[in-house]
Amino acid sequence: MALETDFIVIGSGVAGLRSAVELAAAGARVTVLTKDKASESNTEYAQGGVAVVLSDDDNAELHEEDTLVAGAGLCDPEAVETLVTEGTRYIKQLIDWGTEFDREGGRLVFTQEAAHSRRRILHAHGDSTGKEIVRALIARARAEKNIVLMPFANTESLIVRDERCRGVRFLDPILRAPRELFAKAVILCTGGAGQLYQHTTNPSVATGDGMAMAYFAGAEMADMEFVQFHPTALNIEKAPRFLLSEAMRGEGGILRNKYGERFMGNYDERLELAPRDIVSRSIVAEMRRTGTRNVFLDMTALSEEFLKERFPKIYETCKMYDLNIAKDLLPVSPASHYCMGGVRTDLHGRSTLAGLYAAGEVTCTGVHGANRLASNSLLEGLVFGARAGAAALADSAGLDLKDFKETDDERRAANDEPAPDGLATAVRKRVKRVMWERVGILRDRDSLTRALREFEQIARANLSVSSRNFVTLARLVAAGALWREESRGGHYRLDFPERREDFRVHSIQRKDAPMKTSERINFEQ
Ligand code: FAD
Ligand code: SIN
């Protein structure tokens, strides 16, 4: 007996939870499949905060302008306008649902981050903004009796028939067996792919599964070459790269080299608050110049009392490594952090494949262009999560679920997938290393060609679905980066260091089709 529901949401970060609530509040049955426990996501670890127009000296035009500048000529202006104008309403709603952003004397407090012309970043419990948002959204989702939240349900592929997405194949956590679930529409909210790189701020769930699933299902992928590297991840030998929030530099943190010299002035007049890609490249240049593997974040001009209160999670985590953030210089280096590229969607989360919607970091909506403005992605997850839910609901009116189930024969054929490989760990390790060394902060034709050759070789082995997904995604990033013979936003080519007007277009990749370009992300369906 095939399982069915009205709508499937994959992922329980900000985008997935917000879209599930949108659907369930309208009376639809929603199943949320998520890979780990419900709270495990990039959202959970978001530190700095969420950018929103709410302070007295701010307005939507300023937020829009900052976002467009950061996006380096590749933002979709309509998508940005949607984000900044609708964002305020969704944040107010989140507050109504119980999210406790930090306040002083009852008034919301705003912090500063790079490339924002105003202090417009709301935060919670100092540096645990994502955790607080997830807490409030899970509580809100649990209040909807139509939402079934299924943790530890890893989804591996989408079911497509007659050019429409009709459901998913996932690993049932109780039966410990693959199962199919059918629905009128699937909303992909699986987040980013920071784990493609050897060094990343992302948790282990961020392997880009949704992007690969959408690609194999036939959806278009856009701007895969644009990856954001965060400048300041704590660099301790063998430890995971824990993020030291940009808000630390916003509050006055300084970057120093191994000689204790403040070096950002040699690279950009905006110093430590230059855009992320510039700070990351400056750090790499400084590390090369001084022959070191890290630089230092210096917070010692601020009092311990302030830092402990403002950055409690960071304070405690650094203490575990015997570092006092108020007294010690903190070793940092860049790490992969965010994917600007992803599943191409219109302004309502529709992908180019009927029945498949997407929201959050898995997408390319046109909001971020070539480089995301800090703290814009939690907002994007809320706004476009809600929009994708609403569009899936409206588009499915009149559809009958019984038309969506496959026959047993069709299912057996679809299940004819590659055997599990015993190489999964080795494959991932190799791909991550190649991505870091050859498809990283600095790229050129030679490094990208070599990376692609290696990925093609790995892909020839008899891989499991998840290994195949992983290496395919790596190939999409490298192929986009090789095609883009310019430097723009998060993508830097040593052999093409300038921005080129003829490349002010989006790269579009689709399975079994040559790379194409488009002037806009948004499309008519
Ligand atoms: P996620 O929150 O990543 O959720 C993805 C969900 O999909 C997870 O539940 C995951 O388990 C599930 N999933 C993945 N694959 C599968 C699968 N195969 N089957 C089933 N489920 C699956 N942004 C900001 O705006 N402000 C910040 O301060 C900020 N700080 C950050 C700090 C860190 C350390 C990191 C890593 C990111 C930060 N970001 C920040 C970025 C931001 O957190 C993310 O872009 C955003 O939360 C993404 O939300 P999402 O819902 O799209 O995806
Ligand atoms: C940070 O706190 O530095 C991360 C903010 C973001 O990625 O938007």
Side-chain angles (χ1 to χ4, degrees), residues 8-19 32-52 111 113-116 121-124 127-131 133-134 137-138 149-158 168-171 173 187-195 200-213 228 230-233 240-250 276 279 311 313-314 335-340 342 358-363 368 372-382 384-385 465-466 469:
I8 299 167
V9 173
I10 318 178
S12 57
V14 60
L17 291 168
R18 186 59 190 80
S19 105
V32 180
L33 299 171
T34 194
K35 189 163 156 176
D36 204 288
K37 57 184 188 215
S39 61
E40 187 64 7
S41 59
N42 272 5
T43 304
E44 173 78 3
Y45 298 95
Q47 293 182 354
V50 52
V52 62
T111 193
E113 283 184 336
H116 284 275
I121 322 291
L122 289 180
H123 45 88
D127 54 5
S128 295
T129 312
K131 196 178 180 66
I133 290 177
V134 168
L137 279 175
I138 288 182
L149 199 51
M150 207 185 282
F152 300 100
N154 188 42
T155 312
E156 287 200 323
S157 58
L158 302 172
V168 303
R169 289 189 193 87
F170 71 102
L171 202 60
I187 298 123
L188 204 55
C189 301
T190 43
Q195 284 290 337
T200 180
T201 62
N202 290 195
S204 61
V205 290
T207 43
D209 307 358
M211 295 182 191
M213 285 190 267
Q228 184 172 79
H230 198 291
T232 54
R241 293 290 196 260
F242 175 73
L243 182 74
L244 298 188
S245 176
E246 190 154 300
M248 295 177 84
R249 280 172 283 130
R276 260 176 210 181
V279 181
F311 301 110
K313 173 86 184 164
I314 293 172
S336 84
H337 184 63
Y338 184 86
C339 302
M340 271 74 76
E361 192 171 340
V362 69
T363 64
H368 307 301
R372 177 179 65 100
L373 184 66
S375 289
N376 262 357
S377 47
L378 293 172
L379 195 66
E380 184 191 32
L382 281 177
F384 289 88
V465 177
S466 63
N469 284 350

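In listed order, ligands and their atoms are each counted from 1. All residue numbers in this chain count up from 1 along the given sequence.
For atom 4 (C) of ligand 2, the nearest protein heavy atom (residue, atom name, distance) is Arg276 NH2, 3.5 Å. Protein heavy atom nearest atom 46 (C) of ligand 1, with residue, atom name and distance: Thr43 OG1, 3.9 Å. Of all protein heavy atoms, the one lying nearest to atom 16 (C) of ligand 1 is Lys35 CD, 3.5 Å. If you check which protein heavy atom lies closest to atom 36 (C) of ligand 1, you get Asn202 ND2, 3.2 Å. Of the protein's non-hydrogen atoms, Ser375 N, 2.6 Å is the one closest to atom 8 (O) of ligand 2. Closest to atom 18 (N) of ligand 1, if we only count protein heavy atoms, is Asp209 OD2, 2.7 Å. Here the heavy atom of the protein found nearest to atom 25 (O) of ligand 1 is Leu378 N, 2.9 Å. Atom 27 (C) of ligand 1 has Gly49 O, 3.4 Å as its closest protein atom, hydrogens excluded (heavy atom only). Here the protein heavy atom with the shortest distance to atom 2 (O) of ligand 2 is Ser245 OG, 2.7 Å.
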- Task: Starting from the C-alpha separation in whole Å, work towards a yes-or-no answer on side chain to side chain donor-acceptor pair (under 3.5 Å) for Glu380 and His368.
- Result: CA-CA 9 Å; Glu380 184 191 32; His368 307 301; 2.8 Å; yes
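Looking only at distances, a side-chain donor or acceptor of Ser12 sits under 3.5 Å from a matching main-chain atom of Ala38. Proximity of a side-chain donor or acceptor of Gln47 to a complementary backbone N or O of Ser245 within less than 3.5 Å is detected. No donor-acceptor distance shorter than 3.5 angstrom exists from the side chain of Glu246 to the backbone of Gly48, with no hydrogens or angles considered.
Within the 4.0 Å heavy-atom cutoff, Ser12 counts among the residues contacting ligand 1. Using a 4.0 Å heavy-atom cutoff, Met248 is absent from the residues neighbouring ligand 2. Not a single heavy atom of Val50 sits under 4.0 Å from any atom of ligand 1. The shortest separation from a heavy atom of Gly381 to ligand 1 is not under 4.0 Å, leaving the residue out of contact. At least one heavy atom of Ala374 sits under 4.0 Å from some atom of ligand 2.
Of the candidates Arg18, Glu380, Glu361, it is Glu361 that places a heavy atom closest to atom 52 (O) of ligand 1. Comparing heavy-atom distances from atom 37 (C) of ligand 1 across Glu113, Gln228, His337 singles out His337 as nearest. The residue from Gly342, Ser466, Ser377 that puts a heavy atom closest to atom 39 (N) of ligand 1 is Ser377.
Between Glu246 and ligand 2, an N or O atom pair is found at a separation short of 3.5 Å. For a threshold of 3.5 Å applied to N or O pairs, the pair formed by Ser377 and ligand 2 contains no separation below that value. Below 3.5 Å of separation, one finds no N or O of Thr201 facing any N or O of ligand 1. For Gln228, no nitrogen or oxygen atom sits less than 3.5 Å from a nitrogen or oxygen atom of ligand 2, counting backbone and side chain alike.
Residue-level proximity to ligand 2 for Leu243 is carried by the side chain, the only part with a heavy atom below 4.0 angstrom. Looking at Ala206 against ligand 1, nothing comes within 4.0 Å, counting heavy atoms. Residue contacts with ligand 1 for Ala374 are absent, since no atom lies close enough (heavy atoms, distance under 4.0 Å). Using a 4.0 Å cut-off between heavy atoms, Glu40 contacts ligand 1 through its backbone alone, with no side-chain atom that close. Heavy atoms of Arg241 found under 4.0 angstrom from ligand 1: none, in either backbone or side chain. Of the heavy atoms in Thr207, none comes closer than 4.0 Å to ligand 1.
Between the side chains of His337 and Thr201, at least one donor-acceptor pair of N or O atoms lies under 3.5 Å.
Contact atoms of ligand 1 toward Gly191: 3 (O), 5 (C), 52 (O), 53 (O) (distance under 4.0 Å to a heavy atom of the residue).
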